Asker: 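Quick one: structure below, then a few questions.
What you see is a predicted model; the values in this text were computed from it and never measured.
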Amino acid sequence: MSITSVHTDPEALATTLVADFPVPVRRLWGAFTDARQLERFWGPPGFPATFTDFDLRPGGRVHYTMTGPEGEQYRSVWLVTEVHEPHRIAFDDLFADEAGEVDASQPPSSTVLSFEGTDAGSRVTVVTTFPTPEALETMLAMGMEQGYTQAFAQLDRVLADLREYALGKGTVTEVVDDTHVRITRGFAAPRHLLWRAHTEPELMRRWLLGPDGWEMTVCENDLVVGGSYRSAWAPVGDTEGQPFGFEGENLVIDPERRIVTTERMTGAPFPANVNDLGFDEADGVTLVTLLITYPDQVQRDMVLATGMTDGMEASYQRMETELLSATT
């Protein structure tokens, strides 16, 4: 994906994002007009959107909620003014209250999405305008430009064929910045099976073991927001190593879509990190994404040096062999 530019013009009270993709215009259009695809990128990492009402026609309303890693929620509503397939969508983008009504105390904006073909594929231009300098300054202070950039950086994997994008690549670890690491793994299985494998203790004990020679001795989870969990492992037979475990609190639970937890090693002196685990499915393929937020770079590097990726891949291969292949 190429974000050509993200630019704010204070005189025009507008922010413009331009991004190019190697797909036809109608494929790009489809990602913005299907609620399930929008949910995979509309919102920066850690703040995914859940769309409810989705009446994408002039005079219609679109409601969505972005939920942060601490469970905080930001509600918005689009008041749709124009839809010209496959070239233009325009709407007023407004904050909303819990009832879904416009929150007049928050800064309003208007957005136009324009789609056009290019020699290499297609381009989307997003222009967001504000009624006053104060409204623009408020949104910039909230990180609007960075949020746009981070959100649209997720669009590549939405536009790609998920089977081609994720399968056969194993566990992929990406260092995002000093405190964030993103880990992805594709599975030829539906999302509901991956959710069960990650939440049902009797299934977790069969695959979540890392390299051969270990057993899961504790697997407890009060699977509600605010509930706690505890997991522990120990070597078996002649395997070298010391028993260890993790514990934490459930911050967000969105069944079959997302789990956010704190995580700390039992008895360790360093602070907890935050694990944001998401499940995206398309055409029978599920991409599992784990976004880890560490308290600092030192802890990030210490954990990566343990060979975490190799251990996760060994566990995922065991899951495929012992759980998914038999079920699917």
Asker: Any side-chain to backbone donor/acceptor pair from E281 onto R191? Under 3.5 Å, distance only.
Answerer: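 Yes: the side chain of E281 pairs with the backbone of R191.
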Asker: Under a 4.5 Å side-chain heavy-atom rule over Ile, Leu, Val, Met, Phe, Trp and Tyr, are F41 and V25 clustered together?
Answerer: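 The answer is yes; both residues are in one hydrophobic cluster.
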Asker: Are I292 and M265 linked, directly or through other ILVMFWY residues, by side chains that come within less than 4.5 angstrom of each other?
Answerer: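 Both belong to a single hydrophobic cluster.
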Asker: How close do G210 and S315 get, heavy atom to heavy atom, and via which atoms?
Answerer: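 Looks like N-OG, 2.7 Å.
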Asker: Please lay out, stage by stage, how T33 and E85 fare under the test side-chain contact (heavy atoms from CB on, under 4.5 Å).
Answerer: CA-CA 10 Å; T33 56; E85 184 178 354; over 6 Å; no
Asker: Would you please say whether a donor-acceptor pair under 3.5 Å links the side chains of R157 and T184?
Answerer: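 Short answer, no.
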Asker: Might you confirm whether atom CD of E202 has over 12 heavy atoms from other residues, nucleotides or ligands at distances under 6.0 Å?
Answerer: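 Yes.
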Asker: Between F47 and Y74, what is the ring plane arrangement, given parallel below 30°, perpendicular above 60°, and tilted in between?
Answerer: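 It falls in the tilted class, 30° to 60°.
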Asker: Would you name the heavy atoms of T217 and A234 that are closest together and state the gap between them?
Answerer: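 Where T217 meets A234 most closely, the heavy atoms are CG2-CB, 3.9 Å.
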Asker: Treat each ILVMFWY residue as a node, draw an edge where side-chain heavy atoms are under 4.5 Å apart, and state whether M319 and M216 are in one component.
Answerer: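 Same cluster: M319 reaches M216 through Ile, Leu, Val, Met, Phe, Trp or Tyr contacts under 4.5 Å.
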Asker: So if I apply the side-chain contact (heavy atoms from CB on, under 4.5 Å) rule between L194 and each of T199, L323, V288, which one comes out positive?
Answerer: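 Single pass found, and it is V288.
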Asker: Rounded to the nearest 0.5 Å, how far apart are CD1 of I259 and CG of N221?
Answerer: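 So the CD1 of I259 and the CG of N221 are separated by 7.5 Å.
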Asker: Before you tell me yes or no, could you show the steps for R257 and T50 under side chain to side chain donor-acceptor pair (under 3.5 Å), namely the whole-Å CA-CA distance, both residues' side-chain angles and the distance that decides it to 0.1 Å?
Answerer: CA-CA 10 Å; R257 296 186 67 238; T50 299; 3.0 Å; yes
Asker: Check the hydrophobic clustering (I, L, V, M, F, W, Y; side-chain heavy atoms under 4.5 Å; chains of links allowed) and say if L79 and V83 are grouped together.
Answerer: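 The answer is no; the residues belong to distinct hydrophobic clusters.
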Asker: On a heavy-atom basis, which atom in L136 and which in P10 lie closest, and how many Å separate them?
Answerer: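 It is CD2-CA, 4.1 Å.
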Asker: Starting at CD of E116, measure out to CZ of R123 and round the result to the nearest 0.5 Å.
Answerer: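 Atom-to-atom, E116:CD and R123:CZ are 5.5 Å apart.
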Asker: Apply side-chain contact (heavy atoms from CB on, under 4.5 Å) to residues Q106 and L94 and explain how you reach the verdict.
Answerer: CA-CA 8 Å; Q106 299 295 325; L94 308 169; over 6 Å; no
Asker: For atom CD of Q146, is the number of surrounding heavy atoms from other residues, nucleotides or ligands below 6.0 Å larger than 12?
Answerer: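 Atom CD in Q146 is not crowded, with 12 or fewer foreign heavy atoms closer than 6.0 Å.
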Asker: Evaluate the side-chain contact (heavy atoms from CB on, under 4.5 Å) criterion for residues L208 and W233: first the C-alpha distance (whole Å), next the side-chain angles of each, then the deciding distance (0.1 Å), finally the verdict.
Answerer: CA-CA 9 Å; L208 192 53; W233 293 262; 4.1 Å; yes
Asker: Rounded at 0.5 Å granularity, tell me how far CD1 in I183 sits from CG in L277.
Answerer: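 One gets 10.0 Å once the value is rounded to the nearest 0.5 Å.
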Asker: How are the rings of W29 and F115 set to each other: parallel, tilted or perpendicular (split at 30° and 60°)?
Answerer: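 Geometry flag for F115 against W29: perpendicular rings.
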Asker: Please name the pair of heavy atoms, one in H63 and one in G100, separated by the smallest distance, quoted to 0.1 Å.
Answerer: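 Looking at all heavy atoms of both residues, the shortest contact is CE1-O, 3.0 Å.
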Asker: Where do T266 and E247 come nearest, in terms of heavy atoms and distance?
Answerer: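 That closest heavy-atom pairing would be OG1-OE1, 3.4 Å.
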Asker: Sub-3.5 Å donor-acceptor pair from the side chain of Q154 to the main-chain atoms of A151, do we have one?
Answerer: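 Checked: pair present.
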Asker: Name the one of T81, T129, T128, D92 that satisfies side chain to side chain donor-acceptor pair (under 3.5 Å) with S110?
Answerer: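 So the option named by the test is D92.
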Asker: V126 pairs by side-chain contact (heavy atoms from CB on, under 4.5 Å) with which of I89, T15, L17?
Answerer: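 In the set I89, T15, L17, the residue that makes a side-chain contact (heavy atoms from CB on, under 4.5 Å) with V126 is L17.
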Asker: Distance from M302 atom CE to Q297 atom CD, nearest 0.5 Å?
Answerer: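 Reported value, rounded in 0.5 Å steps: 12.5 Å.
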Asker: Is there a salt bridge (Lys or Arg N to Asp or Glu O under 4.0 Å) between R185 and E320? Walk through the geometry before answering.
Answerer: CA-CA 12 Å; R185 179 58 152 81; E320 288 180 318; 3.0 Å; yes
Asker: How far apart are the closest heavy atoms of L291 and R182, and which atoms are they?
Answerer: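 Distance-wise, the nearest heavy atoms are CD1-CB, 4.3 Å.
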Asker: Check whether L13 and M142 end up in the same hydrophobic cluster, where Ile, Leu, Val, Met, Phe, Trp and Tyr are linked by side-chain heavy atoms less than 4.5 Å apart.
Answerer: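 Shared cluster, yes.
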Asker: Salt bridge between R61 and D55, side-chain N to carboxylate O under 4.0 Å?
Answerer: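 The answer is no: the pair does not qualify as a salt bridge.
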Asker: Given side-chain contact (heavy atoms from CB on, under 4.5 Å), test D9 with T16 step by step and report yes or no.
Answerer: CA-CA 8 Å; D9 184 343; T16 301; over 6 Å; no
Asker: Quick check on E174: does its CD atom have over 12 non-hydrogen neighbours (other residues, nucleotides or ligands) under 6.0 Å away?
Answerer: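 Buried by this count: over 12 neighbours within 6.0 Å.
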Asker: Hey, is CG on D177 packed in by over 12 heavy atoms from elsewhere, all under 6.0 Å?
Answerer: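 More than 12 heavy atoms, drawn from other residues, nucleotides or ligands, come within 6.0 Å of this atom.
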Asker: Quick one: sort the W78 and F54 rings into parallel, tilted or perpendicular, breaks at 30° and 60°.
Answerer: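 Plane angle between 30° and 60°, so tilted.
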Asker: So, taking the atom named OG1 in T65 and the one named CD in E39, what distance separates them when rounded to the nearest 0.5 Å?
Answerer: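 Answer rounded to 0.5 Å: 10.5 Å.
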Asker: Taking atom CD of E72 and atom CG of L251, what is their separation to the nearest 0.5 Å?
Answerer: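 The CG atom of L251 is 9.0 Å from CD of E72, to the nearest 0.5 Å.
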